[in-house]
Amino acid sequence: MTSVLNVDSIAAKDGTSPVTLTKQQAAKALIDFDGASSTIVDKSLNISGLVDNSTGNFTISISSSFDSADYYFIAGTAGYESGTMNAATLFGQFDNSTRTSSQIQCESWVTNTGNSRTAIYLDNCDAVWFGDLAT
């Protein structure tokens, strides 16, 4: 027998609080911005600021801090388009020693031959973080 459940919203027993996730993890911070032309954040969750430190090097500030500097960086992507060259590369957290519960330092680069890489401003920078927020 097939069942259908149609709802407009789901709330906790008090009718207004959000539902508590059980044994699940939701994204605690995410960001989407164009790193090639500006530091304007297009879309975000739990992000209070973005600073351009140098070519392809950004500091992202978190609105509601994580409970420690031990949170998860799950995904980071960016794209680059210049003339006929198109490249996709990682936009990632690069130095755990600079990571705090309220700031994340990230960089974007293109990979050269061998193991070397070159910092570059990239379009469409996207990243997602998971972890526990401070209470």
Side-chain angles (χ1 to χ4, degrees):
M1 178 176 187
T2 303
S3 298
V4 176
L5 177 63
N6 296 312
V7 298
D8 292 324
S9 63
I10 298 175
K13 287 183 181 181
D14 65 8
T16 58
S17 299
V19 175
T20 302
L21 296 175
T22 305
K23 296 185 181 181
Q24 297 179 37
Q25 190 65 246
K28 299 301 191 303
L30 60 88
I31 190 168
D32 171 54
F33 69 98
D34 182 349
S37 62
S38 70
T39 54
I40 296 173
V41 177
D42 296 322
K43 294 191 183 221
S44 70
L45 169 70
N46 195 25
I47 302 295
S48 61
L50 174 68
V51 175
D52 183 354
N53 301 315
S54 62
T55 302
N57 183 315
F58 301 92
T59 298
I60 300 166
S61 297
I62 304 295
S63 299
S64 297
S65 298
F66 287 95
D67 65 349
S68 73
D70 296 325
Y71 45 86
Y72 306 102
F73 172 71
I74 300 298
T77 60
Y80 173 75
E81 184 176 340
S82 177
T84 58
M85 182 184 135
N86 294 305
T89 189
L90 181 67
F91 170 74
Q93 191 167 300
F94 68 97
D95 186 352
N96 286 342
S97 66
T98 61
R99 177 170 66 173
T100 70
S101 62
S102 62
Q103 286 193 327
I104 303 162
Q105 197 167 10
C106 295
E107 71 175 353
S108 55
W109 65 85
V110 292
T111 303
N112 300 319
T113 56
N115 291 328
S116 66
R117 61 186 187 200
T118 301
I120 189 170
Y121 285 114
L122 293 168
D123 303 319
N124 306 317
C125 296
D126 301 295
V128 179
W129 295 271
F130 292 80
D132 294 325
L133 297 179
T135 55

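In this chain, numbering begins with 1 at the start of the sequence shown.
- Minimum interatomic distance between A29 and I62 (heavy atoms only, all atoms of both residues): CB-CD1, 3.9 Å.
- Expressed to the nearest 0.5 Å, how far SG of C106 lies from CZ of F58 amounts to 9.5 Å.
- Taking the side-chain contact (heavy atoms from CB on, under 4.5 Å) definition, one finds that I10 meets it with V7, V19, sequence neighbours left out.
- The local environment of CG in D8 is sparse, with at most 12 non-hydrogen atoms from other residues, nucleotides or ligands closer than 6.0 Å.
- No side-chain heavy atom of Q105 sits less than 4.5 Å from a side-chain heavy atom of T100.
- For the atom pair CZ (F66) and CD1 (I104), the distance works out to 5.5 Å, reported to the nearest 0.5 Å.
- The shortest heavy-atom contact between S102 and S65 is CB-OG, 3.3 Å.
- Between D32 and V41, the closest side-chain pair of non-hydrogen atoms is not below 4.5 Å.
- Atoms CG and OG1, from L50 and T39 in turn, are 5.5 Å apart once rounded to the nearest 0.5 Å.
- In terms of heavy-atom proximity, Y71 sits nearest to S68 at CD2-O, 3.3 Å.
- In this structure, CG on D42 lies 8.0 Å from CD1 on I40, to the nearest 0.5 angstrom.
- The two residues S61 and Q103 come nearest to each other via the heavy atoms OG-NE2, 3.4 Å.
- When each of L133, I31, L30 is tested with N46 by the rule side-chain contact (heavy atoms from CB on, under 4.5 Å), just one qualifies, namely L133.
- I60 and V51 fall into different hydrophobic clusters, where Ile, Leu, Val, Met, Phe, Trp and Tyr residues are linked whenever their side-chain heavy atoms come under 4.5 Å apart, directly or through other members.
- Formation of a donor-acceptor pair under 3.5 Å by the K28 side chain with backbone atoms of A26 is found in this model.
- Taking D34 as the reference, S37 meet the side-chain hydrogen bond (donor to acceptor under 3.5 Å, both in side chains) condition, with sequence neighbours excluded.
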